[in-house]
Amino acid sequence: MTETATRALKLAVVGHTNVGKTSLLRTLTRDVGFGEVSHRPSTTRHVEGARLSVDGEALLELYDTPGLEDAIALLDYLERLDRPGERLDGPARLARFLEGSEARQRFEQEAKVLRQLLASDAGLYVIDAREPVLAKYRDELAVLASCGKPLLPVLNFVSSPQQREPDWREALARLGLHALVRFDSVAPPEDGERRLYESLALLLEDSRPRLERLIADQQAQRQVRRQSAARLISELLVDCAACRRSVATTSDPMQAAIQDLRAAVRKREQRCVEALLTLYAFRLEDASPGDLPLLDGRWGDDLFNPETLKLLGVRVGGGIAAGAAAGAGVDLLVGGITLGAAALVGAIAGGALQTARSYGGRLLGKIKGQRELTVDDAVLRLLALRQRQLLSALEARGHAAMDSIKLDAPQDKNWREGKLPDALRKARAHPQWSLLNPHARLNQAERQEQIERLAEVIIRT
Ligand SMILES: Nc1nc2c(ncn2[C@@H]2O[C@H](COP(=O)(O)OP(=O)(O)OP(=O)(O)O)[C@@H](O)[C@H]2O)c(=O)[nH]1
Ligand SMILES: [Mg+2]
């Protein structure tokens, strides 16, 4: 193998200050903790690198650099470095500059950037596409171009309504830069990374095999992540569908059991949220409890509040409210939970045949003695909606995003109204499938099989 085939491709991320260079690095490395990002200029003061490897082989090294601030003055200074009768080319002139004292004083920050670009195979020139194409940016590009390295302009902030992409395309073409990628580091396009690496492969033919490996690996990882996510959601739903609480008929333990079940479901959902955030390499606070109303007071009574369910468009059915009005189904109304025989009787009185059918046989048999508390269909639908919404948000989110995820009312009809997937109806009959029940047997083959099936449904819809 030649040296170029095994060595990592080195890229310097360069550009004006505050255009999102560090943010681009965060998104490309999927590392929310990389460097320091701030709305103030001159945040990055030193060159900092990150390496992307596949199977232990380093393929790409990305170097964050300080933002350029005073390119007009620097270009003037560079142009005066030629001695009488001399006309240096770009790299020769930069070499003279970097040996001189101004490179350690007035232009210290700029010198760091130019040294890094000279030591790299190419540069990613990050642009704030909302900015007009000012003279300072043209001078900046002239200085950077004198390094003699290929430059790929990256248009950041392209999701902003104020973006001026056509102006930038034209200005860059006039400077001989015809390849360009759009990449918003907060909301990157789904194929953004692939396009970026493909454009680089056009500029750097030698590096094509490495870049293609990187593209293939990222594609594969995306698939694996999505499947793992679907499985996490699937496990949450099966755990909740199979969850049961047996309660004695006196009313006090019944209340306690409702509280207990609620708490268990809420905690279980929180766990799923955290697992998804971790899987997608985001911080736990990236879906803040306020925005994703969660439990332990954090979700308030939201999850089990019929109003919330209605707001989200989850159909609870007229029978439930009617049953409650008949007196016997109060707990059902309050809890969104099917509460054994009392609720069942209430629901039947109110005409909630749907509810009666799901629990009838099992619960009627228990009218004397113990009662069972399970999680209602509507709650399972709500859990599914929320988690799938979170998943879509995570898939579309760049690791440079600073705000936390906001979840709107889900629009999805399938889960709201249609019948529950078979896997969940099966889970109803298998209390041992739920982590939330005592004597859970989570490794049962049938449970695993149903979880896989449900995960497929989650990915498809
Ligand atoms: N909405 C939006 N904000 C962004 C995007 N990229 C960066 N920002 C914000 O722009 C500001 C500057 O981002 P940085 O990544 O620190 O920019 P920088 O180029 O590294 O800045 P210096 O290190 O100071 O030169 C921060 O407030 C970022 O959150 C983007 O694509 N969309
Ligand atoms: Mg920075």
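Computed from a prediction, not measured in an experiment: that's the story for all the values here. Only heavy atoms go into these numbers, but all of them, side chains included; no hydrogens, no water, no symmetry mates. Indexing begins at 1, ligand by ligand and atom by atom, following the structure's order.
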Considering only protein heavy atoms, which is closest to [atom], and at what distance to one decimal place?
atom	value
atom 18 (P) of ligand 1	Lys21 N, 3.4 Å
atom 17 (O) of ligand 1	Gly20 N, 3.0 Å
atom 6 (N) of ligand 1	Asn156 ND2, 2.9 Å
atom 10 (O) of ligand 1	Phe157 CZ, 3.5 Å

For [X], take its heavy atoms, then give the atoms of ligand 1 lying under 4.0 Å from any of them.
X	result
Met402	29 (O)
Ser23	6 (N), 7 (C), 13 (O), 14 (P), 15 (O), 28 (C)
Thr43	22 (P), 23 (O), 24 (O)
Ser42	24 (O)
Gly67	25 (O)
Thr17	22 (P), 24 (O), 25 (O)
Ser38	11 (C), 12 (C), 13 (O), 16 (O), 26 (C), 27 (O)

Do any of the N, O or S atoms of Thr44 sit under 2.8 Å from the Mg ion (ligand 2)? yes
With a cut-off of 2.8 Å, does Thr17 put an N/O/S atom close enough to the Mg ion (ligand 2)? no
For Val19, is at least one N or O under 3.5 Å away from an N or O on ligand 1? yes
Do ligand 1 and Val37 have nitrogen or oxygen atoms that lie under 3.5 Å from each other? no
From His46 NE2 over to Thr65 OG1, what is the distance, rounded to the nearest 0.5 angstrom? 12.5 Å
CG-CG distance between Leu391 and Leu232, expressed to the nearest 0.5 angstrom: 9.5 Å
Which is closest to atom 12 (C) of ligand 1 in terms of heavy atoms, Thr65, Thr27, Thr22, Asn18? Asn18
Tyr280 pairs by side-chain hydrogen bond (donor to acceptor under 3.5 Å, both in side chains) with which of His399, Arg30, Glu395? Glu395
[X] and [Y]: which non-hydrogen atoms are nearest, and at how many Å?
X	Y	answer
Arg96	Leu81	NH1-O, 2.8 Å
Leu420	Arg425	O-NE, 3.5 Å
Glu131	Tyr137	OE1-OH, 2.5 Å

Indicate whether the side chain of Gln223 and that of Gln219 have a donor and an acceptor atom separated by less than 3.5 Å. no
Would you please say whether a donor-acceptor pair under 3.5 Å links the side chains of Tyr125 and Glu140? yes
Test: Glu205 and Arg208 ion pair at under 4.0 Å: yes
Is the CZ atom of Arg271 crowded by more than 12 outside heavy atoms at less than 6.0 Å? no
Asp89 atom CG: more than 12 heavy-atom contacts under 6.0 Å: yes
Quick look: Pro41 vs ligand 1, heavy-atom contacts under 4.0 Å, and the answer is backbone
